[in-house]
Amino acid sequence: MLIGAGGLAVGFGVGGVLLLGILATTLQRSSDNDARQTARDVAELLDLGALSQPVPVAGPPMVQVVDSAYRVRGASTNADALVPLLRPEELTRVQAGEVIELGADRGAGSGPLRVIAEVAGPAGDRQVVIVAMPAGQARESVRVLQTTLLIAYPLLVSGMALLAWRVVGATLRPVEDLRAGAEAIVHSGRPVRLPVPDGNDEIHKLAVTLNHLLDQQEAARTRQRSFVADAAHELRSPLANLRVQLEVAQHHGEPAAPEDLIADLDRLTRLVDDLLLLARADASPAALTFTEIELDELARGVAGHYRAARVPVHVTATDSPQWTIGDPVALQRVLANLLDNAVLHAHGSVTVTVTGSGQQTLMIVADDGPGIPAQDRERVFGRFTRLDDARARDAGGSGLGLAIVRDLVSRHHGSVQLDDANPGLRVTVTLPGQR
């Protein structure tokens with residue numbers, strides 16, 4: 001702020017000096033031009049032989065006509081008619097076109113003079129028209145302006161500095177409020193919203209944007225806390241089952257059933273794998289390797305792992321290959337998660353259909369199970385989400401399958417849609433095609 005006030009003062013000072021210089025130059029040039037015009041007019045009369053006595057002039061100029069013998073041949077009423085105004089060497093200088101200044105002692109009481117000359121008259125009788133213009137009035141005008149500026153300058157600078165202080169202070173006050181609010185958030189660690197100033201200026205927009213950012217961060221922290229709590233709960237369940245089986249076996253002195261232990265270990269392994277996949281996706285969303293993929297071949301390869309499933313899995317495809325650009329491992333995981341859900345809930349069969357056009361390709365997984373109500377079709381994509389009829393963890397999954405599907409498909413710039421299969425559920429995965 002002090003730097004701004006100092007710069008303002010320097011700017012006004014430089015402007016005042018320039019104003020004085022321009023005014024002095026302008027007044028002097030105007031006076032010289034008037035003197036030259038008077039000299040030309042008198043010289044013209046002299047050339048015509050029509051110059052009267054006294055020399056007719058209007059205004060303040062003093063006029064003398066001096067011949068080569070240094071005699072005054074004519075003068076205006078305000079000039080000496082006997083003694084030349086200029087000395088011989090000064091007369092020589094003004095005849096050469098120079099403008100000279102005479103002091104107040106030479107001005108016959110009219111103050112300092114600026115003198116110019118014009119040569120005129122017939123060839124045998126050349127004469128010099130001398131015009132002296134009082135310079136005191138112009139200099140007095142400059143002095144008056146200088147005095148006015150010296151008085152007004154401090155007042156003007158003080159007023160402008162005060163105004164700038166008020167304006168800048170009012171402008172920066174919302175910024176200080178934002179800073180104080182941010183500092184309060186840092187010290188308290190609580191989700192506090194920043195104050196939003198009135199108006200629709202840039203600071204208002206900045207406050208709205210920062211509050212939106214804080215809301216997103218708080219939402220992310222809430223999701224993270226919920227994710228950690230759900231993950232801990234999900235991990236605790238198979239671990240508790242393993243502990244109970246081992247303690248019962250130890251109590252009875254009999255080995256635990258291997259198939260039960262393996263089932264719990266498989267479930268725990270799948271859960272840990274899903275958690276690691278989501279954690280990597282959150283930490284590094286772009287960590288995929290994209291290449292050309294033929295979806296019909298990919299679908300048949302994944303479906304081959306379900307030959308021993310409780311219901312058969314059938315794959316149908318169009319006559320022409322359906323290509324896309326994606327990560328093969330990620331898309332295999334997408335289809336595997338969808339088939340796991342479909343096989344778990346299907347009554348008699350599961351179908352995988354690969355189709356599409358040049359601009360997009362589709363993988364459709366359909367089953368004849370109970371389906372998902374329309375009001376729950378968006379909710380099931382949340383992490384650790386189970387529907388009420390699938391709350392049993394032994395029968396259902398971890399609630400991460402569809403969340404992983406949406407995340408991986410979104411990173412391939414695709415979409416996932418749930419619809420009725422009448423009966424059952426149809427899941428359509430849309431991916432960009434390759435012509």
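In this chain, residues are counted from 1 in sequence order.
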Side chains of Leu408 and Asn337, heavy atoms from C-beta outward: is any pair under 4.5 Å?
no
Tell me, which pairs form a salt bridge (Lys or Arg N to Asp or Glu O under 4.0 Å) where one or both residues lie in residues 23-33, sequence neighbours left out?
Asp32-Arg114
Could you pull out the closest heavy-atom pair between Ser31 and Met133, with the gap in Å?
OG-CG, 2.8 Å
Pairwise distance CG(Leu402) to CG(Asp407) - rounded to 0.5 angstrom:
12.5 Å
Minimum side-chain heavy-atom gap Leu102-Leu86 below 4.5 Å:
yes
Kindly indicate, with the supporting measurements, whether the criterion side-chain contact (heavy atoms from CB on, under 4.5 Å) is fulfilled by Val94 and Ile100.
CA-CA 7 Å; Val94 295; Ile100 65 174; 3.8 Å; yes
Kindly give the heavy-atom pair with the smallest separation between Ala342 and Val365, and that separation in Å.
CB-CG1, 4.0 Å
Are there more than 12 heavy atoms of other residues, nucleotides or ligands under 6.0 Å from atom CZ of Arg307?
no
Is any side-chain heavy atom of Val352 closer than 4.5 Å to a side-chain heavy atom of Val313?
yes
For Glu101, look at atom CD and say whether over 12 heavy atoms of other residues, nucleotides or ligands are found less than 6.0 Å away.
yes
So which heavy atom on Val409 is nearest to which on Ser415, and how close?
CG1-N, 3.3 Å
Quick one: does any side-chain atom of Asp368 pair with a main-chain N or O of His347 as donor and acceptor, under 3.5 Å?
yes
Smallest separation among heavy atoms of Val99 and Arg36, with atom names
CG2-NH2, 3.6 Å
With rounding to the nearest 0.5 Å, note down the distance linking OG1 in Thr428 to CE in Met363.
10.5 Å
Taking side-chain contact (heavy atoms from CB on, under 4.5 Å) as the test, write out the residues that go with Gln417, two or more places apart.
Asp419
So, do Leu27 and Leu23 sit near enough that their side-chain heavy atoms are less than 4.5 Å apart?
yes
Take Val131 and Val57 through the test side-chain contact (heavy atoms from CB on, under 4.5 Å) and record every step on the way to the result.
CA-CA 10 Å; Val131 178; Val57 293; over 6 Å; no
Taking all non-hydrogen atoms of both residues, which atom of Pro134 and which atom of Pro60 are closest, and how far apart?
CD-O, 3.7 Å
Can you tell me if Thr324 uses its side chain to pair, donor with acceptor, with the backbone of Pro432 under 3.5 Å?
yes
Can you tell me how far the CD atom of Gln322 sits from the CD1 atom of Ile293, to the nearest 0.5 Å?
13.5 Å
Sequence neighbours left out, what pairs pass ring pair (Phe, Tyr, Trp, His ring centres under 6.0 Å) with at least one residue falling in residues 410-432?
Phe290-His412
Within the supplied structure, the quantity of interest is the number of heavy atoms (other residues, nucleotides, ligands) at a distance under 6.0 Å from Glu98 CD; does it exceed 12?
yes
Is the closest basic N to carboxylate O distance between Asp420 and Arg377 below 4.0 Å?
yes
Tell me, yes or no, whether the heavy-atom count around Gln375 atom CD, taken from other residues, nucleotides or ligands under 6.0 Å, exceeds 12.
yes
Least distance between heavy atoms, Met62 atom then Asn78 atom
CE-O, 3.5 Å
Contacts of Pro321 that satisfy side-chain contact (heavy atoms from CB on, under 4.5 Å) - sequence neighbours left out
Glu294, Trp323
Which is it for Gln95 and Val119 under the side-chain contact (heavy atoms from CB on, under 4.5 Å) test, yes or no, and what are the steps along the way?
CA-CA 7 Å; Gln95 288 186 75; Val119 179; 4.0 Å; yes
Residues in salt bridge (charged side-chain N to carboxylate O under 4.0 Å, His left out) with Arg40, at least two apart?
none
Hey, what do you get for CG (Leu295) to CG (Leu335), rounding to the nearest 0.5 Å?
9.5 Å
Should Leu362 and Thr353 count as side-chain neighbours, where that means a heavy-atom distance under 4.5 Å?
no
Can you measure from CZ (Arg333) to CG (Leu338) and round to the nearest 0.5 angstrom?
11.5 Å
Contact check, side chains of Leu331 and Leu431, non-hydrogen atoms, under 4.5 Å
yes
Less than 4.5 Å apart, any side-chain heavy atom of Ile372 and any of Val380?
yes
Are Asp41 and Gln37 linked by a side-chain donor-acceptor pair shorter than 3.5 Å?
yes
Rounded to the nearest 0.5 Å, what separation is found between the CD1 atom of Ile116 and the CG atom of Asn33?
8.5 Å
If we ignore hydrogens and angles and just use 3.5 Å, is the side chain of Thr147 paired with the main-chain N or O of Arg143 as donor and acceptor?
yes
Are the side chains of Leu298 and Val354 in contact, using a 4.5 Å heavy-atom criterion?
no
After noting the C-alpha distance and the side-chain angles of Thr291 and Thr289, does the key distance pass the side-chain contact (heavy atoms from CB on, under 4.5 Å) rule?
CA-CA 7 Å; Thr291 185; Thr289 303; 5.7 Å; no
Taking side-chain contact (heavy atoms from CB on, under 4.5 Å) as the definition, give me every residue that meets it alongside Val311, ordered by chain and number, with sequence neighbours left out.
Val343, Ala346, Val350
